[in-house]
Amino acid sequence: MRKHNAVLLGALMLSLGAISAPANSVEMIYGGFSKHIGVHEYDYEGETHKLNEVNPAIGIETEDGYGFAVMKNSYYKTSVLISKGWTTPIESWGDKWALGARIGAVTGYKDTPIGWAVLPFAQGELQYKVTDRWTMVLGYIPPVQDDYLGVFTLHGKIRF
């Protein structure tokens, strides 16, 4: 599937979900940052590069957890992410904290050491509700390559 087809499919899926959802249940995803554990550079086609840890992103997430985002990945390529997430409050920590998980598919890794056009995506999340409309999300993506110990991510969400 070509990248633009994936973008159109994701936009269609989310627009259908947003049509049936109340207007205040859509969140804008923005961010973000990443911290690679164990590896800070990569070799590709005979050249060594530093991994990108500033990952501008924009996207949307519906109240029922469907998400679509476009971002700059760790290899300086544009990635498109289509995902589904779940969260549960951490009641013993108060009403501002939640644990979550997100699974889906992400593009943008074909011309990288990973070599795949589309990758499965999985991320554990710890969410903190700063205000009624603003949430910060600390994520952890498990390793997908040898020598990696995973990636911590940080991004925000604003509820409309």
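FYI, the numbering just counts along the sequence from 1.
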Verify whether one side chain among Gln123 and Thr153 offers a donor that lies under 3.5 Å from an acceptor in the other. yes
Can a donor-acceptor pair be found between the side chains of Asn52 and Ser74 at a distance below 3.5 Å? no
Rounded to the nearest 0.5 Å, what separation is found between the [atom1] atom of [X] and the [atom2] atom of [Y]?
X	Y	atom1	atom2	answer
Leu119	Ser79	CG	OG	8.5 Å
Met71	Ile58	CE	CD1	11.0 Å
Arg102	Thr87	CZ	OG1	9.0 Å
Lys84	Thr62	NZ	OG1	7.0 Å

Please say yes or no: joined through hydrophobic side-chain contacts below 4.5 Å, possibly via intermediate residues, are Val137 and Val26 part of one cluster? no
If only atom types and distance count, is the side chain of Asn73 paired as donor or acceptor with the main-chain N or O of Tyr76 below 3.5 Å? yes
Under the 3.5 angstrom rule, does the side chain of Thr107 hit a backbone N or O of Val80 as a donor-acceptor pair? yes
Should we count NZ of Lys50 as having more than 12 external heavy atoms under 6.0 Å? no
Student check: side-chain heavy atoms of [X] and [Y] closer than 4.5 Å:
X	Y	value
Ile82	Phe121	no
Thr112	Tyr42	no
Leu126	Tyr140	no
His40	Lys35	yes
His155	Lys157	yes
Phe160	Met28	yes
Arg159	Asp132	no

